[in-house]
Structures are given as structure tokens and as C-alpha cells.
Amino acid sequence: MRRSLAESVVVLDFETTGLSPQYGDRAIEIGAVLLEEGRIVDRFQRLMQPGFRISRFIESYTGITNDMLKGQPRCEEVMAEFAEFLEGRNIVAHNASFDRRFLEAELKRTNRAYRGACCCSLLVSRRIYQDAPNHRLQTLVSHAGIPRTGRFHRALADAEMTAQVWLSMIERIRRQYGIKTIYFDQLSELSKIDRLYVHRYLTSLAGGG
DNA sequence: TGCCAGGCCCTCTTTAGGGCCTT
């Protein structure tokens with residue numbers, strides 16, 4: 001894995017027709033922001049046609065309607081464009097296993113593959129915001145005092161707010177442990193360790209050990 | 001349509017079950 005700053009990543013979010021690409025679900029919207037040294041420097045947002053009508057539940061859940069999807073490009077076209085935006089950078093997503101499954105499934109249809117690393121803001125938040133009432137994106141935005149940038153469950157708004165939650169967690173670690181520079185792979189490691197050992201792990205980073 | 005998938009995480013656990021997250 002290329003060692004990159006934790007604040008220099010692509011934060012990604014998909015809206016989809018359901019929960020499982022293996023059972024035929026497809027992406028209908030992708031939203032992503034490019035973070036460079038803690039600032040949003042680029043954005044990517046596209047609606048796309050999944051090839052079939054979406055359910056009323058998804059229309060209601062996302063606010064994306066079948067009418068809105070008429071005339072939009074097919075997933076394959078959008079994913080080819082997004083692959084250039086991504087350029088092998090590391091990814092952050094809220095419940096990243098979900099977005100990664102769709103990313104890989106949709107890229108595969110264009111004979112591409114994602115080879116970068118992926119870190120889950122949900123898993124990190126369970127360790128950094130152990131005091132939050134729950135770890136849904138909407139709750140964390142409120143818990144961290146982050147302003148809403150749009151409608152929840154739309155891809156770009158969710159990607160932007162996930163990015164702000166991500167930066168907020170990094171800032172909390174910095175402030176609490178006096179760590180100047182945090183790397184992506186260190187937060188990736190943090191997302192896997194037992195919650196009981198979070199303090200010990202971050203203290204070791206602060207000490208350079 | 002949202003019971004459906006998959007992975008994490010807790011506990012009444014580890015030879016398991018169920019809640020939390022994502023759409």
C-alpha cells in the first residue's frame with residue numbers, strides 16, 4: 001500500500017437498487033470527494049441507469065426517481081469516468097464493505113479492478129466516537145457538530161458528510177494524543193483492533209513507537 | 001419490498017445467535 005496521509009483520500013458513496021450486487025442490485029448514483037491534506041479539492045457526482053426500474057422503496061429512501069434516471073448514462077459509462085477520478089487512490093466510505101462490493105462489481109463490468117486500499121469510517125467511529133448513541137452517518141454528523149451539506153441518502157451529500165466525519169475523527173485523535181501526522185494505514189489498522197486497546201494504540205503512535 | 005447480503009461486534013460466546021450498518 002502506498003503510504004498516504006489519512007487526510008488525502010477519495011471518500012465514496014453509492015446509492016443502489018438494493019443491498020447486494022451478487023443478487024442483481026446495481027448502482028444508481030455515485031458521489032465522491034477528493035480530500036487533499038484535509039480539504040475537499042474535487043467532487044464527482046453522477047446518476048446512472050441500472051437497466052431496470054427501481055423500487056418505490058428506493059425512490060422514497062434516496063429521493064432518486066425512475067423519471068430522474070431517464071436519459072442518464074449507463075453504469076458502465078459512469079464507472080469508466082469514475083476510474084479516472086479515482087486513479088488508484090485510497091478510499092474511505094461509511095460501512096466501506098458495502099460500497100467496495102458495488103465498486104468492484106460495477107468496475108468489473110468495464111473490465112477494470114480497484115487495487116487501492118479501503119478504510120471504513122464506521123469501524124473507525126466505533127473506536128473514536130465510543131460515546132455516540134449509534135454509528136449511523138446521520139447520527140455521527142450530528143454528534144460531531146458537522147453542518148448538513150444536503151439530503152441524507154444522496155451520494156454526494158453523504159460522501160461530503162462522511163469526509164467531514166473522517167476529518168473530525170482525525171482532529172480528535174490529533175488533539176487528544178498530540179499526534180501531528182496520521183497515515184491512512186494507521187487508521188486502517190485502528191479500525192481492526194479491539195476497542196479496549198484503542199487508547200494504547202494511539203498512545204503508541206503519539207510516542208512514535 | 002426491505003424478512004432478503006455481508007461483515008463487524010457484543011454476549012446469555014467461542015461447537016452461536018442476533019443487533020448494527022450500508023441501499
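Reckoned from all heavy atoms, side chains included, excluding hydrogens, waters and symmetry mates. Letters go in sequence order (proteins before strands), and every chain restarts at 1.
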Starting at [atom1] of [X] and ending at [atom2] of [N], how long is that distance when rounded to a whole Å?
{"X": "A:L140", "N": "B:dC20", "atom1": "CG", "atom2": "P", "result": "15 Å"}
{"X": "A:L190", "N": "B:dC8", "atom1": "CG", "atom2": "P", "result": "15 Å"}
{"X": "A:L12", "N": "B:dT23", "atom1": "CG", "atom2": "C1'", "result": "13 Å"}
{"X": "A:Y61", "N": "B:dC21", "atom1": "OH", "atom2": "P", "result": "12 Å"}
{"X": "A:L19", "N": "B:dC21", "atom1": "CG", "atom2": "C1'", "result": "10 Å"}
{"X": "A:Y129", "N": "B:dC9", "atom1": "OH", "atom2": "C1'", "result": "21 Å"}
{"X": "A:L196", "N": "B:dC10", "atom1": "CG", "atom2": "P", "result": "8 Å"}
{"X": "A:H94", "N": "B:dG7", "atom1": "NE2", "atom2": "P", "result": "18 Å"}

Out of [options], whichever nucleotide has its closest atom nearest the side chain of [X]:
{"X": "A:R126", "options": "B:dC9, B:dT23, B:dG6", "result": "B:dC9"}
{"X": "A:L123", "options": "B:dC21, B:dC8, B:dT23", "result": "B:dC8"}
{"X": "A:N134", "options": "B:dG2, B:dC10, B:dC21", "result": "B:dC21"}
{"X": "A:T62", "options": "B:dC21, B:dG6, B:dT23", "result": "B:dT23"}
{"X": "A:H135", "options": "B:dT22, B:dC21, B:dA5", "result": "B:dC21"}

Requested in this report: Quick one: closest heavy-atom pair of A:V124 and A:S191, and the distance?
Outcome: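 Shortest heavy-atom contact: CG2-CB, 3.8 Å.
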
Assign [X] to base, sugar-phosphate, or nothing according to its heavy-atom contacts below 4.0 angstrom with the strands shown.
{"X": "A:I28", "answer": "nothing"}
{"X": "A:R127", "answer": "sugar-phosphate"}
{"X": "A:D158", "answer": "sugar-phosphate"}
{"X": "A:Y23", "answer": "sugar-phosphate"}
{"X": "A:F102", "answer": "nothing"}
{"X": "A:D99", "answer": "nothing"}

Rounded [atom1] spacing from [N] to [M] in Å:
{"N": "B:dC12", "M": "B:dA5", "atom1": "P", "value": "28 Å"}
{"N": "B:dC8", "M": "B:dC3", "atom1": "P", "value": "22 Å"}
{"N": "B:dT15", "M": "B:dT23", "atom1": "P", "value": "34 Å"}
{"N": "B:dG2", "M": "B:dG7", "atom1": "P", "value": "25 Å"}

Requested in this report: Ignoring backbone atoms, establish whether A:R26 has a side-chain N or O less than 4.0 Å from OP1 or OP2 of B:dT23.
Outcome: no

Query raised in the report: Taking the inter-plane angle between the rings of A:F98 and A:F102 on a 0 to 90° scale, is it parallel (under 30°), tilted (30 to 60°) or perpendicular (over 60°)?
Result: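 If you compare the ring of A:F98 with that of A:F102, the planes turn out tilted.
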
Query raised in the report: For residues A:D25 and A:T17, is any side-chain donor paired with an opposing acceptor at under 3.5 Å?
Result: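 Yes - a donor-acceptor pair under 3.5 Å links their side chains.
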
Query raised in the report: Do A:S168 and A:Y129 meet the criterion of a side-chain donor-acceptor pair at a distance under 3.5 Å?
Result: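 The criterion, which ignores hydrogens and geometry beyond distance, is satisfied for A:Y129 and A:S168.
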
Requested in this report: On DNA chain B, check which nucleotide each of A:F14 and A:R195 is closest to and give me the residue with the more 5' one.
Outcome: A:R195

Requested in this report: Using the closest heavy atom to pick a nucleotide of DNA chain B for each, name whichever of A:S55 or A:Q22 lands nearer the 5' end.
Outcome: A:S55

Query raised in the report: Hey, is A:R43 close enough to A:E160 for a salt bridge, meaning N to O under 4.0 Å?
Result: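 Salt bridge present between A:R43 and A:E160.
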
Report task. Show your working on side-chain hydrogen bond (donor to acceptor under 3.5 Å, both in side chains) between A:H94 and A:S121 and close with a plain yes or no. Result -> CA-CA 5 Å; A:H94 204 65; A:S121 56; 2.8 Å; yes

